[in-house]
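Only one structure is covered here, and it is reproduced in the block below.
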Amino acid sequence: MNSGNTGRQLAAFLRLQLVNLYGWNVYRNLKDPKEKRKKFWLGVAYAFVLVVLMCYVGTMSFGYVTIGLAGLLPAYLILLASLVILLFSVFKAGDILFQKNSYDILASLPVKKSILVVSRFVRLYAENVLLAVVVMLPAMVVFGVFAKPSWSFYVIGIVVTVFLPLIPITISVFVGAMIAAISSRAKYKNLVSAVLSVALVIGVMVGGIQMSMSTEEINLEELKHILNVALDLINRIYPPAIWLGNAMLTGNFAVCFGCVCGGLLVLGIVIGLVSRNYTWICDGIFRTSAKHAYQMERLERNHLSGALFRREWKRYVSSSVYVTNTIVSPIMGMLFAISMLFVTPGQLEAAAAEIYAQTGLMLQMRNMLPMALAAVFCILPITAVSISMEGRQWWIIKTLPIRTKDLLDSKHLMNLCVIGPFYLLSVILVSIGQKVSFMEFIWILLLPMTAILFTCVFGQTVNLKLAVFDWENEAAIVKQSASSFVGGMVPFFVMIAATFGVMMIPAQAANIAMLTLCLAFGIAAFLLHRRNCKVNLLDIG
Amino acid sequence: MLKIQNLTKHYKGSSKGVTNLSLNVEAGDIFAFIGHNGAGKTTTLKCIAGIHDFEQGEIEINGLSMKKEPIACKKQFAYIPDNPDLFDYLTGIQYLNFIADVFDVSAKDRQTRIETSANAFGIMESLGDLISSYSHGMKQKLAIISALVHEPKLLILDEPFVGLDPHAAVVLKSTMRELCEKGGAIFFSTHVLDVAEKLCNKVAIIKDGSLIAAGRMEEIVKGGTSLEDIFMEVVCDE
């Protein structure tokens with residue numbers, strides 16, 4: 001195969017991967033004006049979020065420059081952007097790299113596997129480079145206006161912005177390929193993949209907590225030391241952020257060039273390794289075992305709701321992407337509860353006193369416990385994507401004689417069954433760790449419960465509105481869909497706002513505030529559920 | 001059994017669809033629905049099956065309106081699409097059990113029916129395997145078995161013979177005849193005109209979304225012609 005042919009094939013594969021970037025090709029070819037309008041406004045909403053993020057980064061950068069920490073800014077933002085990109089790509093890299101539905105066709109074509117791998121890597125890169133721009137561009141503008149750096153700052157800054165996603169995506173591809181390679185040889189592939197991914201999440205979280213705990217030793221009053229301490233911390237977490245940040249500030253092209261070359265070298269090695277083992281991994285992942293040994297067994301009759309729930313459960317555990325991304329929230333809840341075992345009530349009061357001394361704000365830290373627990377449990381409810389996850393099999397549900405309510409209830413039950421055990425354990429751990437009173441226990445029990453119910457119903461409401469069934473891979477729905485974004489983040493922000501709200505309320509009024517919140521969540525959940533049950537399933541999809 | 005009156009369904013932004021289609025399928029009928037690709041067969045079947053809503057007209061199954069009483073309607077029939085996308089994450093038996101639970105089939109009945117059908121179609125040994133491991137033909141067989149598990153009065157089938165091996169095709173034809181002898185009815189689309197001519201007592205031909213011929217097979221095909229001749233004449237030569 002000559003190089004010209006390889007180049008043409010690579011170009012064709014890149015076109016295939018990039019033609020529908022951000023859903024552009026689908027939008028362009030939509031014939032239904034209503035659907036097209038819907039997609040347009042979704043695009044506007046996404047653009048608005050990006051603008052808000054840029055404003056946020058710009059304001060934050062201005063703050064850093066004003067308090068004399070301009071030197072920290074490049075390294076800090078490179079770290080921030082890299083972590084966000086890593087977070088967005090780590091659990092979907094494997095799914096995109098080893099996509100099943102097009103494998104048979106693509107694998108049968110006379111092309112090198114490396115072309116396939118490179119094209120999919122480029123797609124991951126293209127999806128994430130926007131995040132790097134959103135973070136780096138406003139910071140560079142603010143820094144440029146106020147710190148007046150030399151021209152080299154901008155040149156290196158642009159190179160860094162373009163290069164920045166490569167490292168986290170290389171890590172994601174490596175991790176995704178490793179998890180796929182290990183799970184592909186296992187009997188229960190999805191289970192092994194989900195367990196490995198969740199273990200990774202816990203590892204990163206625990207590592208992050210330990211990292212942040214190490215900063216307790218810092219004397220925050222000594223402003224002159226903050227810069228060095230922060231840079232040291234960034235260096236411990238992600239050294240390339242320091243190297244590239246310094247290169248931007250000092251105009252050191254050699255360091256920038258070295259980082260880019262080093263990154264590309266590592267990327268080349270990872271792509272080479274993945275390409276070499278691509279067929280082997282795919283064979284393992286896509287292999288299905290069939291015993292052909294079934295003998296008629298005694299069958300049982302089940303109630304409709306039981307049948308729907310069992311099917312829902314099977315659907316859930318059949319997808320490692322689905323499990324991994326939606327189990328993070330209950331795990332975070334558990335980690336929060338466990339951390340409360342090591343923080344004494346006295347330490348919480350001391351923290352409140354410290355904040356009062358510095359800001360004049362009297363925060364009720366104990367009021368925070370039920371709301372904070374509710375907040376972590378309310379990130380990305382399963383119901384926010386469970387209808388979309390029906391995918392092309394949605395026709396089966398539509399043709400079955402089942403009421404909307406029965407279907408929705410089975411999805412709620414499924415969500416609650418996943419969260420339930422984590423929630424109950426967390427309630428017990430927080431209650432023991434913080435030695436709560438009877439009334440505090442009641443609110444720690446009730447408030448997260450009603451908040452979780454509200455979040456489940458809200459997620460479903462959003463998914464009924466923004467259901468998508470013609471998706472390419474599960475990650476596109478669980479991680480990137482409008483439904484997962486709105487249904488997952490809105491309840492979280494509501495809970496965060498409510499958490500700060502209850503912390504401001506005096507202790508005497510805490511019970512009334514908690515009761516009001518419980519009633520508000522409960523009534524909102526009830527009304528939304530009643531409304532959802534009236535939706536005609538025929539109108540969905 | 002199945003009454004379609006003035007059915008009109010169009011897709012936004014597309015000229016495809018169905019216009020003013022009326023049909024009557026009676027108990028005992030094996031009714032073939034034929035037409036060129038994109039004529040509107042699948043659209044019609046999906047409207048009957050309650051997958052698509054429609055702008056105008058009425059679809060009644062055993063006197064029940066699909067618009068007003070969709071759930072009661074759906075209990076009367078079973079539908080099999082042209083390309084059965086089944087739940088890949090279930091085993092064959094889990095899928096059949098799920099469908100039987102939805103239609104509230106007793107344990108004894110489902111056991112007997114599944115065993116009979118699975119043996120007849122030759123996939124009994126594969127029922128314990130994941131559907132993702134099935135070939136297209138096996139998925140089609142499983143979809144047919146699931147359609148029969150609640151003994152529907154009406155079968156709505158979209159290209160049911162595609163992907164079936166000759167043995168399974170024979171079994172399906174005899175199953176269709178049996179169902180009709182018991183007072184049921186079958187409405188199915190097909191491109192295999194020989195099968196339609198031999199198997200069906202009624203036929204309807206659709207072109208560009210409009211019905212251009214419908215009636216008893218012997219009324220449509222007469223004078224030594226074949227269904228294929230008629231089809232070529234009315235669909236291709238116009």
Side-chain angles (χ1 to χ4, degrees), chain A residues 29-36 100-101 190 286-319 322 389-404 406-407 469 536-539 541, chain B residues 11-14 46 49-53 70-81 83-111 114-115 118-119 123-134 143 146 156:
Chain A
N29 293 294
L30 268 178
K31 297 281 185 287
D32 183 351
K34 191 178 160 193
E35 196 64 23
K36 199 158 189 162
K100 186 182 180 184
N101 56 2
N190 288 323
F286 306 149
R287 188 184 55 212
T288 50
S289 60
K291 291 181 194 156
H292 295 299
Y294 183 76
Q295 289 185 323
M296 202 64 200
E297 57 196 18
R298 194 181 156 80
L299 302 179
E300 282 176 12
R301 182 183 193 165
N302 299 294
H303 191 265
L304 174 67
S305 48
L308 288 171
F309 171 72
R310 247 190 303 278
R311 184 196 70 94
E312 202 63 42
W313 181 261
K314 290 267 179 194
R315 174 68 189 104
Y316 183 66
V317 296
S318 73
S319 164
Y322 200 5
M389 287 297 280
E390 299 283 357
R392 291 191 309 275
Q393 289 96 34
W394 182 235
W395 71 267
I396 300 177
I397 300 297
K398 275 178 142 181
T399 56
L400 290 177
I402 49 176
R403 293 178 304 159
T404 306
D406 293 326
L407 180 76
F469 298 103
N536 183 357
L537 294 180
L538 274 190
D539 297 335
Chain B
Y11 298 102
K12 280 177 191 163
S14 164
K46 284 187 172 178
I51 296 174
H52 284 339
D53 214 344
I71 302 234
C73 260
K74 287 175 183 180
K75 285 184 177 168
Q76 312 281 317
F77 68 80
Y79 165 75
I80 304 173
N83 188 9
D85 258 319
L86 307 176
F87 301 123
D88 280 353
Y89 49 90
L90 296 182
T91 63
I93 193 70
Q94 284 172 336
Y95 178 68
L96 294 174
N97 254 324
F98 168 69
I99 296 293
D101 283 337
V102 168
F103 283 95
D104 201 22
V105 181
S106 72
K108 194 181 159 197
D109 285 345
R110 75 177 68 180
Q111 182 112 16
I114 291 172
E115 198 162 8
N119 280 325
I123 65 159
M124 174 59 95
E125 289 175 344
S126 301
L127 288 185
D129 300 329
L130 276 175
I131 295 173
S132 56
S133 71
Y134 284 21
S146 73
I156 299 156

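Note on naming: letters A, B, ... go to the chains in the order of the sequence lines (proteins, then strands), and numbering restarts at 1 for each one.
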(request) For chain B, find which of A:Asn536, A:Leu400, A:Val317 contributes the most heavy-atom pairs closer than 4.5 angstrom. (result) A:Leu400
(request) Determine the minimum heavy-atom distance between A:Leu538 and B:Ile51, stating which atoms define it. (result) CD2-O, 3.3 Å
(request) Give, as side chain, backbone, both or neither, the part of B:Ile93 having an atom under 4.5 angstrom from any heavy atom of chain A. (result) side chain
(request) Of all the heavy-atom pairs spanning A:Leu299 and B:Gln111, show the shortest one and how long it is. (result) N-OE1, 2.9 Å
(request) Heavy atoms only: give me the nearest A:Pro401-B:Ile71 pair and the separation to one decimal. (result) CB-O, 3.4 Å
(request) Please look at A:Gln393 and chain B and tell me whether the side chain, the backbone, both or neither of the residue comes under 4.5 angstrom of a heavy atom of that chain. (result) both
(message) For A:Tyr316, give me all partners under side chain to side chain donor-acceptor pair (under 3.5 Å), at least two apart in sequence or on another chain.
(response) A:Thr326
(request) Let me know if A:Asp406 has heavy atoms under 4.5 Å from chain B in its side chain, its backbone, both or neither. (result) neither
(request) Would you check if B:Asp104 and A:Leu304 make a side-chain contact, meaning some heavy-atom pair closer than 4.5 Å? (result) no
(request) Under 4.5 Å, counting heavy-atom pairs only, tell me which of A:Thr399, A:Ile402, A:Leu537 racks up the most with chain B. (result) A:Thr399
(request) Tell me, for B:Gln76 versus chain A, whether the close heavy atoms (under 4.5 Å) come from the side chain, the backbone, both or neither. (result) neither
(request) Please identify each residue that fulfils ring-ring contact (aromatic ring centres under 6.0 Å, His included) with B:Phe103, with sequence neighbours left out. (result) B:His150
(message) Give me the atom names and distance for the closest heavy-atom approach of B:Asp85 to A:Trp395.
(response) O-NE1, 3.0 Å
(request) Would you mind checking which part of B:Ile99 comes under 4.5 Å of any heavy atom in chain A, side chain (CB onward), backbone (N, CA, C, O), both or neither? (result) side chain
(request) Check whether B:Ala49 gets within reach of chain A through its side chain, its backbone, both or neither, counting any heavy atom under 4.5 Å. (result) both
(message) I'd like to know whether NZ of A:Lys36 has more than 12 heavy-atom contacts from other residues, nucleotides or ligands below 6.0 angstrom.
(response) yes
(message) Any non-hydrogen side-chain atom of B:Leu90 less than 4.5 Å from a side-chain atom of A:Arg315?
(response) no
(message) With heavy-atom distances below 4.5 Å as the criterion, would you say the side chains of A:Glu300 and B:Asn97 are in contact?
(response) no
(message) Quick one, B:Asp101 and A:Leu308 - any side-chain contact, counting heavy atoms below 4.5 Å?
(response) no
(message) For chain B, which candidate among A:Arg298, A:Glu297, A:Arg403, A:Lys398 shows the most heavy-atom pairs at distances under 4.5 Å?
(response) A:Lys398
